Amino acid sequence: MWKIFSTKSLNICLVSLCRVKQLKKAELVLIDGIKLGILPDVVTYNTLIAGYCRLLGIDTGYSIIGRMKEAGIHPDIITYNTLLSSACRSRLVSRCLDLFEEMLEEGIFPDIRSYNILMHCFLKSGKPDEAYNVFKDIFLKEITPSPGTYNIMINGLCKNGYVDNALRLLRTLQRNGFTPGVVTYNILIDGLSKSRKHRRARGLLKEMLEAGQSPNAITYTSVMKSCFKNGMLEEGLEIFSEMQKKGYTFDGFAYCTVTGALLKGGKVKEANECIGNMFKVGIDLDMVCFNTLVNIYCKEGKFEDALKLLGEAEERGLQCDDYTHSILIDGLCKVGCIKLAQKYLKNMKMLGLETNLVAMNSFIDGVCKHGHIDHALQVFESMKVKDAFTYSSIVRGLCRAERYKLAAKLLHSCVTKGAQILRSDKKAVMRGLRYSGSLAEAKKFQKNIRLAKILYY
DNA sequence: TTAGGGTTAG
């Protein structure tokens, strides 16, 4: 039982209960407190608003303001910033603007946090121009920006695809006396890495070290992933070993990233060793770890072991997900067990996991590669959602079956859907049409693809 | 109010 002696202890108790999602209990404690003569204050209500917003949404949180006013307590800047954060979490831009207006009507002036949240909301909603107006407004109103102000803007620019502008903003800020911290560097290193600007990301890491900032687990993860993405396996592994030395591999994240990269590079033995090391250090296995291990077994063709392992995962109360099914179906298709893969596909649908596009794509690819193009076409036609992978597999299958005209038609319709096609697929279709004597068709196909790219990309 | 993240397909 909670012992409440004062409003302060009441508030501490409410914070704890909201944190563990016990809103009903929090309300009961509040009533008990009032019965004992301990009256709630603005902090009490702000705590409740934060809890309700997080667990039941902004409308329920906002309704607390009425109760607050009935109790004779006026909302303050923290009340409104809490509501603003909730609106921002749900990307409710107009709600944020309404709250800003309401604050002013109530005589509460937005502080730097309010502006940061509004700016963040615009950026999260893909409106960098509006966010930049808020950013300028902060300076016009002579409000002192916080490091968060700069980081939110830089991060938002990166996330909206303006990494170069983000970097330019950093340089301007530096010229005006801003010293970037580890968060700023991490934002930009990750932004550059994800925009395939690996060298510039490494350059910034160097600059960060020279500036005396210590990289943390986030910095290392971003750089390591960038190495793997750019085919620099060895360099990525070196970073992983540095992470291990520094104690940044306390969970399964880095181990699974490295194992995945090793498997992609065909290094099954090394992948096995990596996941083995994860077991040795006693990391708790979650479903992603199990999926990673199942992937190794599938690559080795050990399907029985994979299924045994999944039984173990279930015993631990873990549930197979889309990844599990994709890995199994892909593994089975790759070794030609199409019927068994089809059984798993059915099983997956029975479990209500119908929209597993990756599993469907693996299936189509497997069916094509094992020479059953008509079966693959049947599945292809039945699919409501298709992506670039679906088209690529079926086009390759059609080329293998020397059905170039249909391949050309489908590749063209892939472009008209705005999906990227592989140069190798286009080349295979072109070559096929030419060698099979359809020179006019080949020319027409090339022209159509060019045109479609202009129209749909 | 601000940073990263693992596993699947062509």
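Here is how names work: the chains are called A, B, and so on, in the same order as the sequence lines, proteins then strands, and each is numbered from 1. Everything numeric here is computed off the predicted structure, so don't read it as measured data. Hydrogens, waters and symmetry mates play no part in the numbers below; they use all other heavy atoms, side chains included.
The distance between atom CG of A:N291 and atom C1' of B:dT7, rounded to the nearest whole Å, is 5 Å. Rounded to whole angstrom, the span from the CG atom of A:L123 across to the P atom of B:dT2 amounts to 12 Å. Here B:dT7 presents its C1' atom at 13 Å from CG of A:D330, a figure rounded to the nearest Å. Between A:Y150 atom OH and B:dT1 atom P the separation is 20 Å, expressed in whole Å. Spacing between atom NZ of A:K194 and atom P of B:dG6 amounts to 8 Å, rounded to whole angstrom units. Atoms CD (A:Q213) and C1' (B:dA3) sit 13 Å apart, rounded to a whole Å. The CG atom of A:N155 sits 12 Å away from the C1' atom of B:dT1 (whole-angstrom rounding). The separation between A:F290 atom CZ and B:dT7 atom C1' is 13 Å, rounded to whole Å.
With A:F240 as the partner, the ring-ring contact (aromatic ring centres under 6.0 Å, His included) test is satisfied by one option alone out of A:F253, A:Y220, A:Y255: A:Y255. Between A:T184 and the options A:L204, A:L170, A:T179, A:N155, a side chain to side chain contact (heavy atoms under 4.5 Å, CB included) holds for only A:L170.
Counting non-hydrogen atoms under 4.0 angstrom, A:A359 reaches nothing in the nucleic acid. Looking at heavy-atom distances under 4.0 Å, A:T221 makes contact with a base. Using a 4.0 Å heavy-atom cutoff across all strands shown, A:C289 reaches at least one base atom of the nucleic acid. Contact annotation for A:R113: base contact, defined as any heavy-atom pair under 4.0 Å involving a base atom. Note on A:D425: nothing from the nucleic acid sits closer than 4.0 angstrom, heavy atoms only. At a threshold of 4.0 angstrom between heavy atoms, the contacts of A:S326 include nucleobase atoms, whether or not backbone atoms are also involved. Residue A:N81 is classed as having no contact, given no heavy-atom separation below 4.0 Å to the nucleic acid. Within the nucleic acid shown, A:S392 comes within 4.0 Å of at least one base atom, counting heavy atoms only. At the heavy-atom level, A:K334 lies under 4.0 Å from the strands shown only through sugar-phosphate atoms.
Under 3.5 Å, the side chain of A:N216 and the base of B:dG4 form no donor-acceptor pair of N or O atoms. For A:D286 against B:dG6, a side-chain-to-base donor-acceptor contact under 3.5 Å is present.
A sub-4.0 Å separation between OP1 or OP2 of B:dG4 and a side-chain N or O of A:K225 is absent. For A:K124, no side-chain nitrogen or oxygen approaches OP1 or OP2 of B:dT2 to under 4.0 Å. Distances shown here put every side-chain N or O of A:K426 at or beyond 4.0 Å from the OP1 or OP2 atom of B:dG10. For the OP1/OP2 pair of B:dG4 and a distance below 4.0 Å, the side-chain nitrogens and oxygens of A:K159 include at least one atom meeting the criterion. Distances shown here put every side-chain N or O of A:N116 at or beyond 4.0 Å from the OP1 or OP2 atom of B:dT2. At B:dG5, none of the side-chain N or O atoms of A:K229 fall inside 4.0 Å of OP1 or OP2 (strictly under the cut-off).
When the nucleotides B:dG10, B:dG5, B:dT7 are ranked by their closest atom to the side chain of A:K264, B:dT7 comes out on top. Nearest nucleotide to the A:N295 side chain, out of B:dG10, B:dT1, B:dT8: B:dT8. Residue A:N361 places its side chain closer to B:dA9 than to any other of B:dA9, B:dG4, B:dG5. Of the candidates B:dT2, B:dT7, B:dG6, the closest approach to any side-chain atom of A:Y323 belongs to B:dT7. Closest contact between the side chain of A:F253 and the listed nucleotides B:dG6, B:dT7, B:dT1 involves B:dG6.
Considering only heavy atoms from C-beta on, A:F290 comes within 4.5 Å of A:L309 through its side chain.
Of the residues in residues 177-192 of chain A, those lying under 4.0 Å from DNA chain B by heavy-atom distance are A:V183, A:N186, A:I187, A:D190.
When all heavy atoms are compared, the tightest approach of A:M348 to A:N356 is CE-CB, 3.5 Å.
Listed by chain and residue number, nothing satisfies the side-chain hydrogen bond (donor to acceptor under 3.5 Å, both in side chains) test with A:N277 (two or more places apart in sequence, or in another chain). Among residues two or more places apart in sequence or in another chain, the salt bridge (Lys or Arg N to Asp or Glu O under 4.0 Å) test is passed with A:E210 by A:K206.
Note: A:F303 and A:Y297 fail the aromatic proximity criterion, with ring centroids not under 6.0 Å apart. For A:F100 and A:Y80, the gap between ring centers reaches or exceeds 6.0 Å.
A:Y456 does not carry A:K417 over the face of its six-membered ring by the limits of under 6.0 Å from the centre and within 45° of the normal.
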